[in-house]
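Single-structure report; data block below.
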Number of protein chains: 2
Amino acid sequence: MAKSPLTQFSRRERQIMDVLFKRGRATAAEIQAGLPDPPGYSAVRALLRVLEDKGAVRHEQDGPRYAYRPTVARESARRSAIHHLLHTFFDDSPEQAVAALLDQSAADLSDADLDRLAALIEKARKAGA
Amino acid sequence: MAKSPLTQFSRRERQIMDVLFKRGRATAAEIQAGLPDPPGYSAVRALLRVLEDKGAVRHEQDGPRYAYRPTVARESARRSAIHHLLHTFFDDSPEQAVAALLDQSAADLSDADLDRLAALIEKARKAGA
DNA sequence: AGCAATATGCTAAATTCTTAGCACCACCGA
DNA sequence: TCGGTGGTGCTAAGAATTTAGCATATTGCT
């Protein structure tokens, strides 16, 4: 298996990627603030340099400082994450996964949300058939 | 926040947990086989001992060898995984997540699957309202 | 019984991750 | 113009992870 853009991350690296995926873009200080049990600022900088080396992250000048972004689009990171979730916990069964997701968050979904989801299912039906 | 049963895992530890969650239960050799870029057998054993120390895993005698299991139920590991996925990639929006999931795997779903999902949505509607 | 094969437990070494510290540059206000 | 503030790059040490090696059981054959 060739090395995917999602190389293996260390713990801290992963935490940083999580922050970046969540925020889309952040400065070193923001990342530091977003990390659980935040390390020193230098540590964050060093990690970012490593991640940039690995090609997982790139920076752009944002006024006086750097702003970092993941290089892989959020989209494709999402896809991988979903794929991994399915594979590890749901025997590659999207149906089970959707069921779990609905079950777990039924309370947070409004009727309108549910309508939209129902519509999506209809759409899937047409596409699949 | 108290230290949850899901302590921070190192890279290898996580890989091992993934294998265990996927299989439910496995011997050291099976785990080794399931690992990406598998290390030596001793390495796997050592890791398992560490994980057992951390309380993430326990073993039971299975004939001449040990069989390992995660201590947290697959259920609750699932929940955490979903939660993390939602938080990192979907702004805590289950609706977006379900949408992505459907979109990504529409092709793999049969009409019957879709029927079941539609039924689940109906159920959620009743529960939520 | 004796031997090969396959477990396990432990430990020490190699590797990798994580961190802090220091040197330097640019901007801003006194 | 001269600090002070807040950014950057680098590097080296400390901590943790990851690994292999070796000693010791236990099982199953012959």
Side-chain angles (χ1 to χ4, degrees), chain A residues 1 3-21 23-71, chain B residues 1 3-21 23-71 84 88:
Chain A
M1 190 162 30
K3 153 163 92 175
S4 82
L6 297 171
T7 322
Q8 297 281 20
F9 294 126
S10 73
R11 185 175 49 94
R12 277 299 194 201
E13 287 170 355
R14 200 165 353 106
Q15 292 174 344
I16 289 182
M17 292 310 287
D18 281 351
V19 172
L20 282 176
F21 280 128
R23 314 195 30 146
R25 169 201 160 100
T27 66
E30 288 167 342
I31 291 171
Q32 179 185 24
L35 287 175
D37 192 10
Y41 178 77
S42 300
V44 177
R45 307 281 339 293
L47 267 301
L48 283 170
R49 234 169 293 129
V50 171
L51 284 171
E52 196 152 23
D53 255 24
K54 291 197 185 176
V57 147
R58 76 199 133 87
H59 74 268
E60 50 207 55
Q61 200 78 31
D62 174 19
R65 84 215 65 201
Y66 287 176
Y68 291 87
R69 291 176 176 291
T71 53
Chain B
M1 188 161 33
K3 154 163 92 175
S4 82
L6 297 170
T7 322
Q8 296 281 21
F9 293 126
S10 72
R11 184 177 49 94
R12 276 300 193 202
E13 288 170 355
R14 201 168 350 107
Q15 292 174 344
I16 289 183
M17 292 310 286
D18 282 351
V19 172
L20 283 175
F21 279 127
R23 315 194 29 145
R25 170 201 159 100
T27 66
E30 289 167 341
I31 291 171
Q32 180 186 24
L35 287 176
D37 191 11
Y41 178 78
S42 299
V44 177
R45 307 282 340 293
L47 267 300
L48 283 169
R49 233 169 295 128
V50 170
L51 283 171
E52 195 152 23
D53 254 25
K54 290 197 185 178
V57 148
R58 77 201 133 85
H59 74 267
E60 50 207 54
Q61 200 77 32
D62 173 18
R65 83 215 64 198
Y66 287 175
Y68 291 86
R69 290 176 176 290
T71 53
H84 183 252
T88 303

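Note on naming: letters A, B, ... go to the chains in the order of the sequence lines (proteins, then strands), and numbering restarts at 1 for each one.
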Checklist outcome for this item: Those residues at least two apart in sequence (or on a different chain) that pass side-chain contact (heavy atoms from CB on, under 4.5 Å) with A:Val57 are A:Met17, A:Leu20, A:Leu51, A:Tyr68

Next on the checklist: Return whichever of A:Pro64 or B:Ser10 has its heavy-atom-nearest nucleotide of DNA chain D closer to the 5' end.
Outcome noted: A:Pro64

Determine all donor-acceptor pairs shorter than 3.5 Å in which one atom belongs to a side chain in residues 27-42 of chain A; sequence neighbours excluded.
unit_1: A:Thr27; atom_1: OG1; unit_2: A:Glu30; atom_2: N; d: 3.2
unit_1: A:Glu30; atom_1: OE1; unit_2: A:Thr27; atom_2: N; d: 2.8
unit_1: A:Gln32; atom_1: NE2; unit_2: A:Pro39; atom_2: O; d: 3.0

Checklist entry - For DNA chain C, which residues in residues 38-47 of chain B have a heavy atom at a distance below 4.0 Å? => result B:Tyr41, B:Arg45

Item to check | Within residues 40-52 of chain B or reaching into it, pairs that qualify as salt bridge (Lys or Arg N to Asp or Glu O under 4.0 Å) - sequence neighbours excluded | outcome: none

Checklist entry - By side-chain hydrogen bond (donor to acceptor under 3.5 Å, both in side chains), which residues pair with A:Gln61, not counting sequence neighbours? => result none

Checklist entry - Mind checking what makes side-chain hydrogen bond (donor to acceptor under 3.5 Å, both in side chains) contact with A:Arg25, not counting sequence neighbours? => result A:Glu60, A:Asp62

Item to check | Matching residue for B:Arg11 among A:Arg11, A:Arg14, A:Glu13, A:Gln8 - test: side chain to side chain contact (heavy atoms under 4.5 Å, CB included) | outcome: A:Gln8

Checklist entry - Which part of the nucleic acid, if any, lies within reach of B:Arg11 when heavy atoms closer than 4.0 Å are counted: base, sugar-phosphate only, or nothing? => result sugar-phosphate

Checklist outcome for this item: 5'-most to 3'-most nt of DNA chain D touching chain A (<4.0 Å, heavy-atom partner on protein side) reads D:dG7 to D:dC10

Checklist outcome for this item: chain A vs DNA chain C, heavy-atom contacts under 4.0 Å, first-to-last nucleotide span, 5' to 3', is C:dC17 to C:dG21

Checklist entry - Would a distance-only check, ignoring hydrogens and angles, find a side-chain to backbone donor-acceptor pair under 3.5 Å from B:Thr88 to A:Asp18? => result no

Next on the checklist: Testing the basics here: between A:Gly24 and A:Pro70, what is the closest heavy-atom pair and its distance to 0.1 Å?
Outcome noted: O-CD, 3.4 Å

